[in-house]
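In what follows, a single structure is set out as structure tokens and then discussed.
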Number of protein chains: 2
Amino acid sequence: MEENVASLLKKNGIKATPQRLAIYNILKNTKSHPSAETIYKGLSKQFPTMSLATVYKTLGLLSRIGLIQEINVGEDSFRYDANTAPHPHIVCLKCKRVDDVGGYDVPQSYDTIAKNTHYKILSHQLYFYGYCPECKKGE
Amino acid sequence: MEENVASLLKKNGIKATPQRLAIYNILKNTKSHPSAETIYKGLSKQFPTMSLATVYKTLGLLSRIGLIQEINVGEDSFRYDANTAPHPHIVCLKCKRVDDVGGYDVPQSYDTIAKNTHYKILSHQLYFYGYCPECKKGE
DNA sequence: ATATAAAAGATATTAATTATTCATTGATAA
DNA sequence: TTATCAATGAATAATTAATATCTTTTATAT
């Protein structure tokens with residue numbers, strides 16, 4: 001798996017540095033859709049000298065070659081997801097947690113919408129907002 | 001119409017200032033989902049002394065009392081829409097134009113998703129991305 | 001008309017993100 | 001093996017959207 005990523009980077013003419021692989025692995029091994037800041041803190045033990053700018057640059061890089069996706073839940077900062085297949089997200093309005101939504105998505109046939117809007121449609125994002133299992137208790 | 005908004009503001013204990021009515025009217029009379037900055041520029045002739053902070057404060061206010069909605073298409077800044085009914089938006093990846101999408105939306109029954117995620121769901125946002133009629137010509 | 005409480009305007013501040021700079025690393029060719 | 005050169009990482013500065021603060025002005029009720 002890690003071999004794959006390394007070679008995929010090289011195929012794109014991008015060096016497979018330890019920092020880049022580490023950032024990708026964090027995303028691959030979590031379901032929590034961390035922000036750049038969160039990833040940065042998570043790597044501070046392993047890479048005490050790494051700069052936040054490196055995290056941002058790497059995330060931009062990985063997004064551009066399609067290894068991860070950037071999601072914007074409408075709050076202050078971006079979140080990142082190594083699951084690049086289209087799938088909806090759900091956001092807790094209280095604790096800002098972001099989860100994947102299974103079992104539902106927009107029909108991938110964009111024909112009707114293209115006809116109505118006259119756009120050429122490439123992708124979509126679907127977000128739900130509410131209270132997560134923990135936070136809804138205190139409502 | 002403008003009477004309605006003015007009285008609605010007063011009913012909420014909010015002063016109906018010319019600036020506020022003007023900002024609301026801009027949104028009511030356009031389909032273009034302007035940003036705060038765009039609204040600010042659009043009012044600069046009519047209110048040469050108005051500050052950008054006033055625009056932001058008013059937009060926050062109008063959102064809070066449900067007269068407009070804030071949308072986040074995943075770009076740099078927020079957009080605003082006086083159509084507060086849930087409806088999808090479509091974003092041109094080239095010129096950043098934002099349009100409404102008619103004829104399709106997420107089923108408003110959130111039951112299945114609530115069951116899968118264990119969230120209490122309150123709302124959703126659906127965004128499509130692609131190229132608008134003008135920009136798709138140059139692809 | 002006036003008092004007063006809220007709002008406007010100006011400016012400063014914050015926070016996320018991006019750009020710039022420079023030293024370092026690492027691959028490649030001799 | 002080593003010199004060279006481009007790419008990268010790290011530190012810092014810069015940018016930009018949005019918010020907070022403070023003083024002056026204005027809308028509204030009396």
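Below, read A as the first sequence line, B as the second, and so on, with proteins coming before strands; counting in each chain starts at 1.
Distances shorter than 4.0 Å separate some side-chain N or O of A:Arg20 from OP1 or OP2 on D:dT8. At the phosphate of C:dT17, OP1 or OP2 sits under 4.0 Å from a side-chain N or O atom of A:Tyr56. Applying the 4.0 Å criterion to OP1 and OP2 of C:dG9, one finds that B:Gln19 has a side-chain N or O inside that range. For D:dG9, the OP1/OP2 oxygens have no side-chain nitrogen or oxygen of A:Ser51 closer than 4.0 Å. For C:dG9, the OP1/OP2 oxygens have a side-chain nitrogen or oxygen of B:Thr54 closer than 4.0 Å.
The listed nucleotides are C:dA16, D:dA27, D:dA10; the one nearest the side chain of B:Pro18 is D:dA27. With D:dA20, D:dA10, C:dG9 as the choices, the nucleotide that has an atom nearest any side-chain atom of B:Thr49 turns out to be C:dG9. You'll find that the side chain of B:Ala53 is closest to C:dT11, out of C:dT17, D:dA10, C:dT11.
Using a 4.5 Å heavy-atom threshold, the side chains of A:Glu37 and A:Leu52 count as touching. Inter-residue side-chain proximity for A:Val106 and B:Tyr104 is flagged as met; some heavy-atom pair is nearer than 4.5 Å. Annotation: side chain of B:Val55 is in contact with side chain of B:Ile23 (closest heavy-atom distance under 4.5 Å). Side-chain contact check for B:Ser35 versus B:Thr38: some heavy-atom pair is nearer than 4.5 Å. Counting heavy atoms from C-beta outward, A:Lys115 and A:Thr112 have side chains that stay 4.5 Å or more apart. Residues B:Asn29 and B:Asn25 are in side-chain contact: their nearest non-hydrogen atoms beyond the backbone lie under 4.5 Å apart.
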Give me, pair by pair, the N or O atoms of the protein and of nucleotides 28-30 of chain D that are less than 3.5 Å apart, along with how far apart they are.
unit_1 : atom_1 : unit_2  : atom_2 : d
D:dT28 : OP1    : B:Ala16 : N      : 3.4

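Not counting sequence neighbours, the partners of A:Gln19 by the side-chain contact (heavy atoms from CB on, under 4.5 Å) test are A:Thr17, A:Phe47, A:Met50. Applying the side-chain contact (heavy atoms from CB on, under 4.5 Å) test to B:Leu61 and every residue at least two apart in sequence or in another chain returns B:Ile14, B:Arg20, B:Arg64.
Following rounding to the nearest Å, B:Asn12 (CG) and C:dA6 (C1') show an atom-to-atom distance of 15 Å. Computed from coordinates, the B:Lys57 NZ to C:dA6 C1' distance equals 10 Å when rounded to whole Å.
With rounding to the nearest 0.5 angstrom, the CG atom of B:Leu122 is 12.0 Å from the CZ atom of A:Phe128.
Under 3.5 Å, the side chains of A:Tyr80 and A:Gln69 contain no donor-acceptor pair of N or O atoms.
Ion pair A:Asp81/A:Arg79 not flagged as a salt bridge, since none of the NZ, NE, NH1 or NH2 atoms sits closer than 4.0 Å to an Asp/Glu carboxylate oxygen.
For residues 32-44 of chain B, proximity to DNA chain D is found at no residue, defined as any non-hydrogen atom under 4.0 angstrom from a strand atom. If you check residues 58-71 of chain A against DNA chain C, you find no residue with a heavy atom closer than 4.0 Å.
Two end axes, each from the C1' atoms of five base pairs, can be drawn for the helix from C:dA1-D:dT30 to C:dA30-D:dT1; they diverge by 30°, to 10 degrees.
Scanning all heavy atoms of the two residues, the minimum distance from B:His124 to B:Tyr110 falls at ND1-OH, 2.7 Å.
Enclosure of atom NZ in A:Lys120 is not indicated, since only 12 or fewer non-hydrogen atoms of other residues, nucleotides or ligands lie within 6.0 angstrom.
Between A:His33 and A:His89, the angle of the ring planes goes over 60°, which puts this pair in the perpendicular group of the 30/60° scheme.
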